[in-house]
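Every chain is numbered from 1 and lettered A, B, ... according to where its sequence line falls, protein lines coming before strand lines.
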There are 2 protein chains.
Amino acid sequence: MRLGEGVEWGLHCCVTLAWLEQEWPVPTGRLAAWFDLPPEYLKKRLQALTRAGILASVPGVRGGFSLARPPERITLMDVVAAVEGPVEPFRCQEIRQRGVSGLGAASEFRRACGIATAMRRAELAWRRELAAQTIADLMAAAPAASAERTRRRYAQMGG
Amino acid sequence: MRLGEGVEWGLHCCVTLAWLEQEWPVPTGRLAAWFDLPPEYLKKRLQALTRAGILASVPGVRGGFSLARPPERITLMDVVAAVEGPVEPFRCQEIRQRGVSGLGAASEFRRACGIATAMRRAELAWRRELAAQTIADLMAAAPAASAERTRRRYAQMGG
DNA sequence: GCTTGTATACTCGGATACAAAATGTCCGAGTTCTACGGG
DNA sequence: CCCGTAGAACTCGGACATTTTGTATCCGAGTATACAAGC
């Protein structure tokens, strides 16, 4: 199992955008140069965040992206779900109903598959942890100097 | 994010093997027919479980697979890790150190990335839930008639 | 009839093709700024 | 000198290739069985 790298990109971009609130909107090219990422592909992922209502986009020559909600109201689960699409680590195929195993046991299948239930329990614990943390929490956990340094360096980038 | 279907196969096979303890070893062909799965590919996954020390394999004409440990000592985490390989949903690429973002902030990077920490916290919650449940728990949660029906039908398969 | 040797059929084990998804790239639609012409 | 208008540059948005991962399959190594021959 592996989570796409776009998740890391999206989270870092959200935190950076929160720190650069004064500079909104921020174009993709700036964010790509900021983290040395492929600009076009990063844009694709930011679009996904926009479709999910986490970012807001402005077209045109002075356009770019900005946060659509205050950082306190954007959870890590929101970002992961937006970038990865419908997240469902374990997908029960109901193989218990197939082959010899499924013959003459219809009554047992009215109850949910115990394996699917167990896997889903773990998935819910994961989602709960992600939903309990917000972009604001990440900002608070970062070194104190990060926010100020980010704003200063961004201004130095020129434009 | 998506977990390979081999996880479901592996878990169902472990439970079934536990119920069929009297019939060990059980060849791949039987298990494949049991759940209507591609035999060769299922074998590949059972080999992974064998390499991890969860199953034991016996070659030869009367060979097959059996549980290498009692069901109480096989956790869901063991099976998932064996089938999926090194499971690490979020893989921090340290993009914070790249591009403009990483200039002149070496001191901040001595501390772990807050985003990686947050994601890992969720991953650990997931692993904890998986490690807390065993194959024996799945057997206990299954309908009471399942074990007996499995043994009876397996005997009827012939051989 | 019993033992022994050999051939055979069936099993696991790893190396090899195929398909799907994630990654990366490209072109088109829209908006703002700028420059030029007119008043 | 000021205003209006038209052009151009820059941005987002979605559609199109390429690489990586997961899925599926094939052939080779090894072992217990069954059969036949010899004692």
Taking CZ from A:R45 and P from D:dC12, how many angstroms apart are they, rounded to a whole number? 17 Å
Short side-chain N/O contact from A:T28 to OP1 or OP2 of D:dT11, under 4.0 Å: no
When you compare the side chain of B:W34 with that of B:C13, does any pair of heavy atoms fall below 4.5 Å? no
Please enumerate all protein N or O atoms sitting under 3.5 Å from an N or O of nucleotides 28-33 of chain D, with distances to 0.1 Å.
none

Let me confirm one number: the NZ-OG1 distance from B:K43 to B:T50, rounded to the nearest 0.5 Å. 10.5 Å
Shortest side-chain distance from B:P38, nucleotide among D:dA24, C:dT25, D:dC12: D:dA24
Taking side chain as C-beta onward, heavy atoms only, is A:V79 less than 4.5 Å from A:I74? yes
Length of the CG-P vector between A:L3 and D:dG22, whole Å: 13 Å
What's the spacing between B:D78 CG and B:I135 CD1 if we round to 0.5 Å? 9.0 Å
Can you confirm whether B:L138 sits close enough to B:L76 that some side-chain heavy atom of one is under 4.5 Å from a side-chain heavy atom of the other? yes
Could you state the atom-to-atom distance from CZ of B:R2 to C1' of C:dA20 in whole Å? 8 Å
Excluding sequence neighbours, so at least two apart, what forms side-chain hydrogen bond (donor to acceptor under 3.5 Å, both in side chains) with A:E108? B:S146, B:R149
Going through the checks in order, is the salt bridge (Lys or Arg N to Asp or Glu O under 4.0 Å) test met by A:E123 and A:R127? CA-CA 6 Å; A:E123 177 187 337; A:R127 299 174 90 99; 2.9 Å; yes
To the nearest angstrom, how far is B:E23 atom CD from C:dT11 atom C1'? 17 Å
Is it the case that A:R30 places NZ or CZ above or below the six-membered ring of A:Y154, under 6.0 angstrom from the centre and within 45 degrees of the axis? yes
Give me each pair satisfying ring-ring contact (aromatic ring centres under 6.0 Å, His included) with a member in residues 66-101 of chain B, each pair once, sequence neighbours excluded. none
Distance, rounded to the nearest Å, where B:L55 contributes CG and C:dC12 contributes C1': 13 Å
Taking only N/O atoms, report every protein-nucleotides 13-16 of chain D pair under 3.5 Å with atom names and distance.
from	atom 1	to	atom 2	distance (Å)
D:dG13	OP1	A:S57	OG	2.5
D:dG13	N7	A:K43	NZ	3.0
D:dG13	N7	A:Q47	NE2	3.3
D:dG13	O6	A:K43	NZ	3.1
D:dG14	OP2	A:R51	NH1	3.0
D:dG14	N7	A:Q47	OE1	3.4

Between P of D:dG22 and CG of B:L42, the distance in whole Å: 18 Å
So A:G6, base contact, sugar-phosphate only, or nothing? Heavy-atom distance under 4.0 Å. nothing
Using the side-chain heavy atoms of A:Y41, tell me which of these nucleotides is nearest: C:dT25, D:dT25, C:dC12. C:dT25
Distance, rounded to the nearest Å, where B:R30 contributes CZ and C:dC10 contributes P: 13 Å
Counting only non-hydrogen atoms, which of residues 78-97 of chain A are less than 4.0 Å from DNA chain D? none
Rounded distance in Å - CG (B:L31) to C1' (C:dC12): 13 Å
Value rounded to 0.5 Å, distance of CG in B:L55 from CZ in B:F65: 7.0 Å
Atom pair SG (B:C113) and CD (B:Q93), whose distance is rounded to the nearest 0.5 Å: 11.5 Å
Pair listing, side-chain hydrogen bond (donor to acceptor under 3.5 Å, both in side chains) test, anchored in residues 4-29 of chain A, at least two apart: none
